[in-house]
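Beneath this line is the structure, given in structure tokens, with notes to follow.
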There are 4 protein chains.
Amino acid sequence: MKRLGVKERIIETASDLFYHNGYNQTGINQIIAEAGVAKASMYQHFRSKEDIAVAYLVGRHTIWMGKLFDFISTERTSKGKIIRCFDYLIDWLGEVDFRGCGWQNIITDLPIDHDKIRIQAINHKNEVRNYIHDILKSETEYTIEQAEQLGDQILILIEGAIILSQIQKNKWPILAAKNASISLLK
Amino acid sequence: MKRLGVKERIIETASDLFYHNGYNQTGINQIIAEAGVAKASMYQHFRSKEDIAVAYLVGRHTIWMGKLFDFISTERTSKGKIIRCFDYLIDWLGEVDFRGCGWQNIITDLPIDHDKIRIQAINHKNEVRNYIHDILKSETEYTIEQAEQLGDQILILIEGAIILSQIQKNKWPILAAKNASISLLK
Amino acid sequence: MKRLGVKERIIETASDLFYHNGYNQTGINQIIAEAGVAKASMYQHFRSKEDIAVAYLVGRHTIWMGKLFDFISTERTSKGKIIRCFDYLIDWLGEVDFRGCGWQNIITDLPIDHDKIRIQAINHKNEVRNYIHDILKSETEYTIEQAEQLGDQILILIEGAIILSQIQKNKWPILAAKNASISLLK
Amino acid sequence: MKRLGVKERIIETASDLFYHNGYNQTGINQIIAEAGVAKASMYQHFRSKEDIAVAYLVGRHTIWMGKLFDFISTERTSKGKIIRCFDYLIDWLGEVDFRGCGWQNIITDLPIDHDKIRIQAINHKNEVRNYIHDILKSETEYTIEQAEQLGDQILILIEGAIILSQIQKNKWPILAAKNASISLLK
DNA sequence: CATGAATGAGGCTTCATTCAT
DNA sequence: CATGAATGAAGCCTCATTCAT
């Protein structure tokens, strides 16, 4: 890990800690200790802990979207892609012991003034939403309006499956959400 | 508020703060200050901050379930009751400025050893799940298995609607979830 | 020193350090170390470092005014009392190695928002001013207006003598001020 | 400002910040940021923050003395020049919102080992003292000794007027000092 | 001669909890 | 059953300075 630059080491370490232990449970001291960086070096690259979280979320967004894209690209049809999203959830969340969604997790118990983080969550969810809309819009069977309405419903199933599987530490919510999406797609 | 006993004052104050500001954002000092209680008096009634949170969640569960029950009791049919659940979400979440679910919010960024709180979340969601299952089981149209599968899907829509409306600070996810549930109920 | 209560120990220690080393040069850690107090104990009694400084200045005011009063009480006449003020300065400042005035010293290099401290300085100087005015007003030779004008001139000589003796680490400015006041009093 | 050399830009920026915000309140980072200079470039020209302060004080001395000389040169007589010094104070201190004397301000709350700065203050005050002495010595009415004694008294009135007007944020101390000097000059 | 990254030490403040009364 | 004082650990952040390039 020492091969990476300081900034990269901070982001990697913080990302790991923020996601798996939580934003409030992760202290600056722990980040710099595990990253092997001096405190002031860290503040050379990031103005505040919040800014590190923003970098974490930005990086996570790219990776997460990329993995989803790759995962569902095995399917040809729109409906197939949508349904495969839930297989992605099973795959991903199983690996992380159902730790849930990084954006959901960070915005639920946040200091009042941490708006930059909140904006990241809004943006991320909007991009996922648009991504799902786009998949369904390419299906000629649906009008644009139908595609958007259906897409919103799928998005909610995804969100619900993530949070409920996190609470229950079990994949059944994801399977139920998959079944629901199959029904909704007819 | 001075009419209430010490324990009740603590729970009321903490419940308000935990829900609206977050568990990590709420300090012991703030609770005792707003409750008008001495610190050691508080520790007489509660072994730890976590225990206060448990009392908060236990109380919230009773109130929340009661309100839901009252709200949907205007409907006669099972399907009507289920769909009216989403009207309840609109009503409730609109009032609290889309502050989300107390149990979702508290388990996402919690010290590793706070298992009593985690158990509360699991229990609450299980009771909501059973409640929905029971409503659908009373519908002769469905087999027990169908009722349970459908109920799980409804639960996930509820969870997804809550968390997404919290992120977006908007009721559209609840409306979308309502539409999805209408489709799923045929 | 252990016989004193925590709050008194903090004030005593901080007063010594603030006066002799300066407000900015004195850290919270040094105060609690020398006072033998835990950091959080200190913050039980004082909301902030600034508040400790306020307590320091309030206490210092009482002591300083008292010493001045005692010192000049050997004189009967108004003029005698005024002139003896400068003997007080020589006595006091000689003892503290010409460390200057606690209020002058603290307001010259203060964080922008430390207004409580600034107010202490203003109040202290006003009380000294009124004290000198009162002494001269009891002199029948002067009208009230004359007493006030003359008092202001004396006050300025005091202030100038303090700061200049601090810079020069020498008592000559105090002696010069004393001579000036003799001339002004006719 | 980009026309100036690096060293000049640093001194100009630091001078402004040191005087108006205070030495301790001004950080190295703020100086280089506002001067548009790299950190190590700054340390190329100045060994330490203290050295920058020395350069600031040296430059300020020349400017300050020059302005005073110009201001009082409208007067022909020694006494007239001395009294006009206080008009200078009113003019200057009114413009800087009664921010006081750069040398007084910097020596009151200084790290123990910052002797180079202390020496600057001593030197500056000595030069002002000599300047005033010289003005009064050119007055044939006084013996050399009288001129020096009177000059010291004037200097103290100046110092007291500066610091007291800084605390009170008002020009009345300067006016009182002017009146005192008029009396002392007979 | 100029640069941005890196640093150790320390800044002030708050945490949940326990203790003596 | 109630209280305020006391605590160790940790919180996030900034300081003036040095180093490798």
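Per chain, numbering begins at 1; letters A, B, ... match sequence-line order.
Every residue meeting the side chain to side chain contact (heavy atoms under 4.5 Å, CB included) condition with C/R118, not counting sequence neighbours, appears here in chain and number order: C/I107, C/L110, C/D115. A/A14 pairs by the side chain to side chain contact (heavy atoms under 4.5 Å, CB included) definition with A/F18, A/I31, A/I52, not counting sequence neighbours. In this view, B/E50 and B/Y23, B/S48, B/H114, B/K116, B/I117 satisfy the side chain to side chain contact (heavy atoms under 4.5 Å, CB included) rule, not counting sequence neighbours. Taking the side-chain hydrogen bond (donor to acceptor under 3.5 Å, both in side chains) definition, one finds that C/Q168 meets it with D/N126, sequence neighbours left out. Listed by chain and residue number, nothing satisfies the side-chain hydrogen bond (donor to acceptor under 3.5 Å, both in side chains) test with B/N123 (two or more places apart in sequence, or in another chain). Shown here are the side chain to side chain contact (heavy atoms under 4.5 Å, CB included) partners of B/V58, two or more places apart in sequence or in another chain: B/V54, B/Q120. In terms of the salt bridge (Lys or Arg N to Asp or Glu O under 4.0 Å) criterion, residue partners of C/K125 (sequence neighbours excluded) are, by chain and number, C/E159.
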Collect all protein-nucleotide pairs involving nucleotides 1-5 of chain F in which both atoms are nitrogen or oxygen and the distance is under 3.5 Å.
unit_1, atom_1, unit_2, atom_2, d
F/dA2, OP2, B/H45, NE2, 3.2
F/dT3, OP2, B/S41, OG, 3.0
F/dA5, N7, C/Q44, NE2, 3.4

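Residues of residues 102-110 of chain C that place a heavy atom closer than 4.0 Å to DNA chain F do not occur. Only B/T26, B/G27, B/I28, listed by number, bring a heavy atom of residues 22-30 of chain B to less than 4.0 angstrom from any atom of DNA chain E.
With rounding to whole Å, B/I31 atom CD1 is found 16 Å from E/dT14 atom P. The distance between atom OH of C/Y43 and atom P of F/dG8, rounded to the nearest whole Å, is 16 Å. Summarising the geometry, the separation between CD1 on B/I32 and P on E/dT14 is reported as 15 Å, rounded to the nearest angstrom.
Pairing analysis of DNA chain E (Watson-Crick: purine N1 to pyrimidine N3 plus N6-O4 or O6-N4; G-U wobble: N1-O2 and O6-N3; both under 3.5 Å) yields stems of 3 or more pairs at E:2-21 with F:2-21.
Counting only residues at least two apart or on different chains, no ring pair (Phe, Tyr, Trp, His ring centres under 6.0 Å) pair has a member in residues 28-53 of chain B.
Nearest-nucleotide mapping onto DNA chain F: of A/K49 and C/K7, the residue sitting toward the 5' end is C/K7.
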